[in-house]
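Here's the structure, in structure tokens; my notes come after.
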Amino acid sequence: QWQQVPKKKGKVEETKKGASSKKSVSKVLSGATGTDSVKSAFAALDQMNTREPHTDNEVGPGSSEDEEDGEVSTKPSVEEKKIKKPKVKKAKITVSQAAEALEDTALTTFLHGLEESNPEDFDVQLRRCADFFERSFKVCELPFNKILQESPLSKFALLLVREVLKGATTPSGKKAQPPKANVGLLMMLALLLRAHPDALLQHAAAIRPGPKTNSGEQFRLLLWCYGQVSKGAASAGVTLWVRNLLPMVLSTNSSSPRHELGLQFIENLLPAPSKARAGLLKKAGKTGGENAVVPITALLSFLSLAYASEEKPALRARALYPYLRELALAPGGRSGRTASLFLPPTVELAASAAPDSPLQSVVMDNLLWCLSSDPEVTLPLWHDQMRKFPASSPASLQALASAWGCPEAAGITPHTAQLLQVLQEMREAYRVALQSPAGLSSEE
């Protein structure tokens, strides 16, 4: 009996210790309210996590004598539970299968409803029709990249454009009738040009308005094709306008319908929304020379149109000029090259511009931009051009003096020494010319 007493006493002590530990934990967890209770709960969990873990030699509560004797447990391991099931690939649906799933009654109902809801608005009909087929064939896959590699997309787009224009041709000797275009070709062409707007740029010269597009119907269809390109990318639309429509605008009378339609086209593109404007400037900054979105030669031609008179067509062009100038002089890696190309014709134009005219003000702004963009190259070039066109000197020097210290001439300020050297050489050249027996010419 005396040996059993300590055992009972030990059990009592263990029971007391367990009760006291439970009380301490419960006291920590429930001893405070609100934020304190949350903090104390996390503190208790931290204390529990800081306890020393069981070693491999210790027998855990879930172990058995069979495991100690070397028997392997039959319970699945964690790695076996995490085995991922293979993904089932969805069957690819071809274009023909998607077409077979398209019910004739659904298509007929849609077309009848399209004509009833929009009997006169053919543009809306075309867009809704394109949306219908896009939804119907959205589930199928088309190896488009393979198609592009096997057959150049630009040739395919050019072929479609020619087919569309052929439908608007009136045979000789017959009375002109409204054009009958193939709806399927128009839909395919619209989707193609919007998805790949650069497809026509390689063949821009082949679809330029000319003798083959003399009829008004053909010309409007051609403008429609350009419009689909603009929907896909505004930069491609502006490029097409510069290459194909601007020469037509410059060569036709301001009262001509083609002149009006050409101006309307670019007016619908510019000024562009902020998102499209950012894309335009990014594209314009990457290209230069004759491949630019707006080449310098095109900008100068449009400048002559915008300031040719004070009539309404010229004023409309004048309102568009700042946007075209922004694209032509877009910041990028080619700004220096652009300035060297822009400066000589600018100096020549400054020599012929009337004093204090709106044209002279614009030309002086262009001159300051050229000098500020790349002074190391443009300052010596300006000196050479001033010798060729001395009549531009007064206005140029006055504009430079007025802009000195302003943001317009900020790029020239670090090159003050080079500028003073150029001015001193110009002054010496004029002094020698004045002292010569012949003197300066009447123009000088």
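Quick caveat: nothing in here was measured; it's all calculated off a predicted structure.
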Can you name the nearest heavy-atom pair linking [X] to [Y], along with the distance?
{"X": "G237", "Y": "S230", "answer": "CA-OG, 3.3 Å"}
{"X": "A284", "Y": "V293", "answer": "CA-CG2, 3.9 Å"}
{"X": "S340", "Y": "P344", "answer": "O-CD, 3.2 Å"}
{"X": "C225", "Y": "L189", "answer": "SG-CD2, 3.7 Å"}
{"X": "L281", "Y": "A330", "answer": "O-CB, 4.0 Å"}
{"X": "A395", "Y": "M364", "answer": "O-SD, 3.4 Å"}

Got [X] and [Y] here, is their nearest side-chain heavy-atom distance under 4.5 Å?
{"X": "V229", "Y": "L201", "value": "no"}
{"X": "M386", "Y": "E425", "value": "no"}
{"X": "L269", "Y": "Y226", "value": "no"}
{"X": "L299", "Y": "L327", "value": "no"}
{"X": "L371", "Y": "L419", "value": "no"}
{"X": "V363", "Y": "Y307", "value": "no"}
{"X": "L303", "Y": "V362", "value": "yes"}
{"X": "I296", "Y": "L329", "value": "yes"}

[atom1]/[X] to [atom2]/[Y] distance, rounded to the nearest 0.5 angstrom?
{"X": "T378", "Y": "I412", "atom1": "OG1", "atom2": "CD1", "value": "7.5 Å"}
{"X": "S254", "Y": "E311", "atom1": "OG", "atom2": "CD", "value": "6.0 Å"}
{"X": "D374", "Y": "T338", "atom1": "CG", "atom2": "OG1", "value": "10.5 Å"}
{"X": "H259", "Y": "Q264", "atom1": "NE2", "atom2": "CD", "value": "10.5 Å"}
{"X": "L111", "Y": "R128", "atom1": "CG", "atom2": "CZ", "value": "10.5 Å"}
{"X": "L341", "Y": "C370", "atom1": "CG", "atom2": "SG", "value": "9.5 Å"}

For [X] and [Y], indicate whether the former's side chain and the latter's backbone hold a donor-acceptor pair under 3.5 Å.
{"X": "S304", "Y": "S301", "result": "yes"}
{"X": "S372", "Y": "E408", "result": "yes"}
{"X": "N366", "Y": "F342", "result": "no"}
{"X": "W241", "Y": "L263", "result": "no"}
{"X": "T416", "Y": "T413", "result": "yes"}

Under the criterion side chain to side chain contact (heavy atoms under 4.5 Å, CB included), I'd like the reasoning laid out for L343 against V377: C-alpha separation, chi angles, the key distance, then a yes or no. CA-CA 10 Å; L343 191 139; V377 176; over 6 Å; no

Taking [atom1] in [X] as the centre, count heavy atoms belonging to other residues, nucleotides or ligands within less than 6.0 Å. Is the count above 12?
{"X": "M188", "atom1": "CE", "value": "no"}
{"X": "Q398", "atom1": "CD", "value": "no"}
{"X": "Y323", "atom1": "OH", "value": "no"}

Run the side chain to side chain contact (heavy atoms under 4.5 Å, CB included) test on L305 and Y321 for me, step by step, so that the C-alpha distance in whole Å, both residues' side-chain angles and the decisive distance to 0.1 Å come before the verdict. CA-CA 10 Å; L305 170 67; Y321 172 76; over 6 Å; no

Please list, one pair per line, the donor and acceptor atoms closer than 3.5 Å that link side chains of residues 348-357 to other protein atoms, with sequence neighbours excluded.
from : atom 1 : to   : atom 2 : distance (Å)
S352 : OG     : L349 : O      : 3.1
S357 : OG     : A354 : O      : 2.6
S357 : OG     : Q360 : N      : 3.2

Show the numbers, then the answer: is there a side chain to side chain contact (heavy atoms under 4.5 Å, CB included) between F265 and V249? CA-CA 11 Å; F265 184 88; V249 171; over 6 Å; no

Show your reasoning for whether side chain to side chain contact (heavy atoms under 4.5 Å, CB included) applies to V294 and F302. CA-CA 10 Å; V294 180; F302 193 78; over 6 Å; no

Taking salt bridge (charged side-chain N to carboxylate O under 4.0 Å, His left out) as the cut-off, I'd like each qualifying pair that reaches into residues 318-328, sequence neighbours left out, listed once. R277-E326, E310-R318

